[in-house]
Structure formats: C-alpha cells, structure tokens
Amino acid sequence: MSEKYYVTTPIYYINDKPHIGSTYTTVAADILARSHRLRGEKTFFLTGTDENSQKSVEAAAKADKELNVYLDEMAVIWENTWKKLGISFDDFIRTSQERHHKAVARFWQAVEKSGDIYKDTYERHYCVGCEDFKTDSELNEDDRCPLHPNKDLELVQEENWFFKASNYKDDILQLFHNSQNFVQPPKRLNEIRSYVKDGFADFSISREAKKVSCGIPVPGDDTQRIYVWFDALINYLSAIGYGTDDELFKKWWPADLHLVGKDIIKFHCALWPAMLMSAAKNDPLLQNEDGSPKLPKQIFAHGFFTIEGQKMSKSLGNVIDPLELAVEYPFDVVRYFFFREIGFGNDGDFNRLRIAERYQSDLANTLGNLLNRAINMSRKYFDGKVPNIPDPSSQILVPGTSWGGKEAVDTLWQQVEEYYASARIDLALEAIWNGENASLTLANRLVEETKPFKLIKEDPEKTALVLYTLLEFLRNVAWMIEPVMPEIAKQIITGLGQDPKSELSQHNFTQLKTWGGLKPGSDLPEPKILFPRLGE
RNA sequence: CGCGGGGUAGAGCAGUUGGCAGCUCGCCAGGCCCAUAACCUGGAGGCCGUGGGUUCAAGUCCCACCCCCGCAACCA
C-alpha cells in the first residue's frame, strides 16, 4: 500500500569542499525526500561522491597526499557538511567502495553479455576539462573544445572498449516520446532529444590502465580502466544493493527521481537509460515483469545560479561555503530563498539583498507577524489558550470575509502536494503565501476583515472562531512548509503549544492535514519572535 | 550557422494546453492599531526586444532579425 520513493543527487567530485552550488542540488533532493517522507512513503535519499576521476588524482597530488588518504578526508568533509546542514540523506555512496566495484562488475558483465561492448582502436580528441571525447563536429572553429578553449585537446590514440549506445538510439527516442515527463523541465527534454537525434554515437567506456592512475578495472581486462562516467552512473544501483543485496535492490529500484544539474543531462537522460536497456537484457534484476528494462522514472535538471550577478568562480572569490552561509542566516531561510526566489529548473541569481528582502517580507512580516498576532490575541482574550470552540473539525466560513474556510485549506493542501510531487517547490511556496482562497496573505486579511480585537467585545464566540481559524491554519502551514523549512516548521508547531514529534508519531499524514487538529482549549505558550527583523 | 540561457511596470521574476497582462519589493494615497513601525485597501506605472505571418483572438504558435548573459580554471 505505502508507496516508495527513491531520489538521488549526482555524486560529486571531491577535489574541493562543497560549495553553494552542490548545496542547492542537495537541498532540492532533501526537500523532495522530506515531502515524501511526510506523506508516509518509504523514502530513500541517496547522495555521495565520485572518486574514480582523474580530477581526484590531480587534487590529491596538489594537496601532496596519497590518493586514498585524500579521498577519505574529502569524503568525510562532504558527508559532514550535509549532516551539519541537516540534510536527511539515507545513504552516502562512495564510488571507491567495495559495494560499488561489485555492482559495476556485475553491470559491465551484463552489458557485455548483451553484445554491446566491443574493442576498437581509434584516434580522437579528448578534452580533460569535460572528461569526454569530442567529435569533429563538436569542436569550435579553432578545433578546440568550445567549453574549454584554453585547454589543449589530447589526441588520444588507443585501443579501448566501446559501448554500443547507437543500438539504443531509437529506443531512447521512443522513451522520450512515450513518457513526456521522463526529462523535466520540458526545455531539457527538447535539448536532449535533439542531441540524441543528431547523433548518439557509441561511447568509449574505458581507457588504458597505464595512462590513468585511477578507475575501476575492466572485468577480465587488467590493461583497461572503466571510464569515469560509465562507472559513476552505476552508483545509483550499487547504493541500493545491486550486486550485493538483491532483496534490497528490488525494494528500491527503479529510482523515482534523479536530480541533476543542467550540465549533465546528456549522461543521465541518454547514456544512462541506454546502459540500463543493455544490461537489463541479461540481468533479471533490471527487468520488469514483462522483461522490459526498469528505467528511472524521471530525471529533473535544475538550473545554475550566479552569485550577485556574476558567475561563481574561485578567482573572483565569490564561491560561497554553505557552512559559512548557515552562520549568516538560519539555513532554513537560505532553503526558502533558493526555492521561492528561483523557479525550480531555471537559472537564477544568489543575491544577498534579495535574501534580506524575502526574509523581511515573506518570513518576518507575513508569516512571523501573523503567528505572533494570532497567538497574542488568543492568549489575551482566551486565557492563554487556544480558543475553545465546540466543533473544530467542522469549522465553517466566517461570513463576509474572503477566507475560503476549511475547504480552501484542503484545496491548498492538494495543490501543495501536487507541486511537491512534480518537483515544483517554488509553486508550492507561492501558493502557501499568495494562494487564492486560503493563504498567509488571506489569513492576514481575515484579521483586518473581522477585527478580532474589536469583535471580542461584541461577539466572543465569533472571535473564538476567527482566532482558532488563524491558529489552525498556521499549524497546517507549518506542515506544508516542513519539507522546505523543517526547523522553522517545528518551531511553529511548538509555538502553537503542540509537540511536533508526537504530532508526527501519533498521527498519520491524513490526520495531520485534517482541519481541526489543533486542540481547542490547549495551552498557548508565550510567543517567541520567529524571524526577528533585520537591522535595527 | 559552436553550445546553452534570456529580453514582460522603477528593480527582481511568474505566466501550463493561444481567451481581459500577474507576483514580490519599491513609490503615492487611505485604513487599522491585535501584532515584529508589522497588517489591510486603493492607485500610479507595461507598444510583453523588433518586424512580419497564422487566428475571431498571440506574451503564448510560425518565420526573420536585434540585443544581453555564461562557456580558461573551480563548477550543480
């Protein structure tokens, strides 16, 4: 009955510590994972590190460290950064781990058995920057890599193993056709479709061992090492038991969502499904009941952002360390900014002025102030308690107001859930703040429309109804924003005199979001300022 | 013919299947006084980059063009 949700981030190169960009990706995955967990779905959230790269070798050499030592140190830094930021990952895969090597070996053999691996000698241009081969048509007018024009292309001439990606070109195009949501957002689907159409050539998937100082050995061929991308993608399988724990694997595969940056869609949307299609032919674990390949359900490519209008760059010195940022602002505020300000899937700008603006306006003024005024009035007029209304679950409309009542809140919940489900985090937040029949803005308006501070003298019962509505709506909002702002959500719940932990453990999701959950007559603690105003 | 993103109110951005142009901030004028000088209402402010085309109807679809941004390294 309960559905499962398996979400991944890309695995990161660890030639430096995490920065704000990788943090953005990871937070996005965290939000989606949390939204599914909240719904009571069995959720598995994977992140990790890509360690079989030439870049790691270079970085280790630069740091004057043994490769293994360097990798171990950096992997810890990455994992700990995510922990400190409260990222709720369930596993942390390192491609240097034994389990990964086992999975890769099994996968390679399955692909080989399918007849999609062959040896060939060739001479081609290899761009170290891209870690990728370039065909002549991909070079710029100076015959250099358009992405890395200052880097000399290596003219590589060697015998390598190749993956017959071209065998799957039609299948991939068919996949795009059949499942329009496979790649999100749509503009990325267009991009990748034209890439596959124009030429989805066979990939070289190994390099000569003597030329690289890292990489997983090709099964049965010690002279070759597996090309980093071919092994990296398999991490999504190895972390959930492929090659080591069949039962676990069956539980989680296929992935429900691979979250990636827009720069690596080629690998995830074309190469990866092709690899899986091939391996599935000779590995029942990768097959559906009908023998078709089990492919990830969706790949979502997010955009990049600039820092204060400029490209993130070390030489400009504007690379932001997420841990330092988390000192400047509560990290929940940063999370909110990321997904309120920047349409998920679009490029955006990381701008401190805008963070401050969002903080002041959306968080302090609209949300924080509402919570504060609602609690204060309730405490003042109702003896420090949540107003004791007779039948909270059947709360009716307050006549003469634009507040949509409990049904509008149900509708809002529905919208928010749909947005989370389709990874439109930005729209979920927009709806909570500015929605049409129930929203934080409308809740503030309800106060103006009913004036509880006057109404209390004439009609205490109606006042109780209004205040209960506000408090109960805030409880609902807390759970709506919990995936994005888990700490803030807890503080709101606590501020309403409830215990977030027991709310979660004693109620299922359906009960949580059912109107009337806030117990009438329960104690309201003295309000704390959730978002102090900035400046003086 | 390198690749990609984008040009919508003063700033920053939304605009799914074409159907009266929206949101946040800022500005102006009111209201309110419970609240974090917060909240609410009203208003000013747009040739939706340009020129064509399709259509009863185009920010949205088609064609052409102009302009801006990113593309050594770091890097989602």
Side-chain angles (χ1 to χ4, degrees), chain A residues 9-10 12-13 15-16 18-28 55 59 128-130 137-142 144-152 185-188 191 195 259-265 301-306 309-319 340-343 346-349 351 353-354 356-358 360-381 402 422 424 426-427 430 433-434 440-456 463 466-467 470 527-534:
Chain A
T9 72
Y12 304 107
Y13 287 136
N15 44 6
D16 205 345
H19 57 69
I20 199 74
S22 34
T23 304
Y24 178 64
T25 314
T26 308
V27 167
K55 287 181 182 173
V128 184
C130 299
S137 65
E138 285 172 323
L139 302 181
N140 66 14
E141 53 276 18
D142 301 327
R144 307 183 76 89
C145 170
L147 296 171
H148 305 91
N150 286 7
K151 262 217 148 123
D152 285 337
K187 64 183 170 190
R188 298 301 166 202
E191 190 181 332
Y195 160 73
L259 199 57
V260 301
K262 65 177 182 178
D263 55 333
I264 50 175
I265 55 174
H302 68 251
F304 284 179
F305 50 78
T306 46
Q310 287 185 305
K311 181 169 167 52
M312 179 167 64
S313 111
K314 263 190 181 167
S315 58
L316 283 173
N318 65 357
V319 175
R340 180 67 198 276
E341 181 78 3
I342 302 169
N346 296 344
D347 289 343
D349 185 40
N351 183 312
L353 224 63
R354 297 290 299 168
E357 221 170 85
R358 285 290 183 188
Q360 197 81 293
S361 164
D362 298 356
L363 299 179
N365 295 353
T366 303
L367 172 58
N369 183 53
L370 175 67
L371 182 69
N372 205 34
R373 68 202 299 214
I375 292 178
N376 271 311
M377 283 190 279
S378 299
R379 279 170 55 86
K380 201 181 289 183
Y381 310 143
S402 43
S422 55
R424 291 307 305 269
D426 52 320
L427 296 181
E430 166 74 18
W433 260 259
N434 291 319
L440 290 169
T441 299
L442 285 178
N444 271 315
R445 184 186 297 174
L446 181 62
V447 176
E448 302 306 318
E449 288 172 332
T450 57
K451 302 195 195 317
F453 39 89
K454 277 189 178 167
L455 193 62
I456 184 64
T463 309
V466 169
L467 291 178
L470 295 175
K528 293 195 186 105
I529 299 295
L530 206 53
F531 303 101
R533 286 182 60 79
L534 296 172

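Within every chain, numbering begins at 1; the chains are lettered A, B, ... in the order of the sequence lines, protein sequences first and strands thereafter. Computed from a predicted structure; not experimentally measured.
Distances were taken from every side-chain heavy atom of Asn376(A) (C-beta onward) to each of C39(B), A76(B), C34(B); the shortest belongs to C34(B). The Asn444(A) side chain lies nearest to C40(B) when the options are A76(B), C40(B), C34(B). The side chain of Arg373(A) lies closest to C34(B) when the candidates are A37(B), C74(B), C34(B). Which of C25(B), A76(B), G4(B) sits closest to the side chain of Glu357(A) comes down to C25(B). Nearest nucleotide to the side chain of Tyr24(A), out of A76(B), U36(B), G6(B): A76(B). Checked against G4(B), A14(B), A76(B), the side chain of Arg188(A) finds its nearest nucleotide in G4(B). Comparing U41(B), A35(B), C32(B) by their nearest atom to the side chain of Arg445(A) picks out U41(B). Nearest to the side-chain atoms of Asn369(A) among the listed nucleotides C32(B), U24(B), C39(B) stands C39(B). Taking the side chain of Glu430(A) as heavy atoms from C-beta on, and the options A38(B), C40(B), C23(B), the nearest nucleotide is C23(B). Considering only side-chain atoms of Lys55(A), the nucleotide from C74(B), A76(B), U24(B) that sits closest is C74(B).
As rounded to the nearest Å, C3(B) and A11(B) have P atoms that lie 31 Å from one another. Taking the C1' atoms as reference points, G46(B) lies 14 Å from G7(B), given to the whole Å. With both ends at atom C1', the span from A58(B) to A21(B) equals 12 Å, rounded to whole Å. Using atom C1' as the reference point in both C67(B) and U50(B), the two lie 10 Å apart (nearest Å). Spacing between U60(B) and C48(B) at atom P, rounded to whole Å, works out to 10 Å. The C1' atoms of C13(B) and G59(B) are separated by 14 Å, rounded to the nearest whole Å. Between C69(B) and G30(B), the distance separating the two C1' atoms is 43 Å to the nearest Å. For the P atom pair drawn from U16(B) and G22(B), the interatomic distance equals 15 Å after rounding to whole Å.
Both thresholds, 5.5 Å between centres and 30° between ring planes, are not jointly met by Phe304(A) relative to the base of G70(B), so the two rings are not stacked.
Salt bridge annotation for Glu448(A)-Arg445(A): absent, with no cationic side-chain nitrogen under 4.0 angstrom from a carboxylate oxygen. Using a cutoff of 4.0 Å between basic side-chain nitrogens and carboxylate oxygens, Asp362(A) and Arg340(A) are scored as salt-bridged.
Note on Thr306(A): nothing from the nucleic acid sits closer than 4.0 angstrom, heavy atoms only. In this structure, Asn346(A) reaches the sugar-phosphate backbone alone: every heavy-atom distance under 4.0 Å involves primed, P, OP1 or OP2 atoms, never a base. At the heavy-atom level, Gly261(A) lies under 4.0 Å from the strands shown only through sugar-phosphate atoms. Among the heavy atoms of the strands, none lies under 4.0 Å from Glu449(A). Contacts of Phe531(A) with the nucleic acid, taken as non-hydrogen atoms under 4.0 Å apart, include base atoms.
Residue Asn365(A) contributes atom CG, which lies 6 Å from atom P of A38(B) at whole-angstrom precision. At whole-Å resolution of the value, NZ in Lys451(A) and P in C33(B) are 7 Å apart. Remark: P of G7(B) and CG of Asp347(A) are 11 Å apart, rounded to the nearest angstrom. Following rounding to the nearest Å, Leu534(A) (CG) and U36(B) (C1') show an atom-to-atom distance of 11 Å. One interatomic measurement links the two molecules: CZ of Arg354(A) to P of C23(B), which rounds to 15 Å at whole-angstrom precision. Atom CG of Leu470(A) and atom C1' of C39(B) are 12 Å apart (whole Å). Distance, Leu353(A) CG to U24(B) C1': 14 Å, rounded to whole Å. With rounding to whole Å, Lys262(A) atom NZ is found 12 Å from G70(B) atom P.
Note on Lys380(A): a side-chain N or O is less than 4.0 Å away from OP1 or OP2 of A35(B). The phosphate of C25(B) has OP1 or OP2 within less than 4.0 Å of a side-chain N or O from Ser361(A). Note on Asn372(A): every side-chain N or O is 4.0 Å or more away from OP1 and OP2 of C34(B).
Under the Watson-Crick and G-U wobble criteria, each requiring two contacts below 3.5 Å, nucleotide C61(B) is paired to G53(B). Of all nucleotides present, none satisfies the Watson-Crick or G-U wobble test against A21(B) with each distance under 3.5 Å. The partner of G70(B) is C3(B), by the rule that a Watson-Crick or G-U pair needs both atom distances under 3.5 Å.
With hydrogens and angles disregarded, a donor-acceptor distance shorter than 3.5 Å links the side chain of His302(A) to the backbone of Val260(A).
If you take CG on Leu363(A) and CZ on Arg358(A), they are separated by 9.5 Å, rounding to the nearest 0.5 Å.
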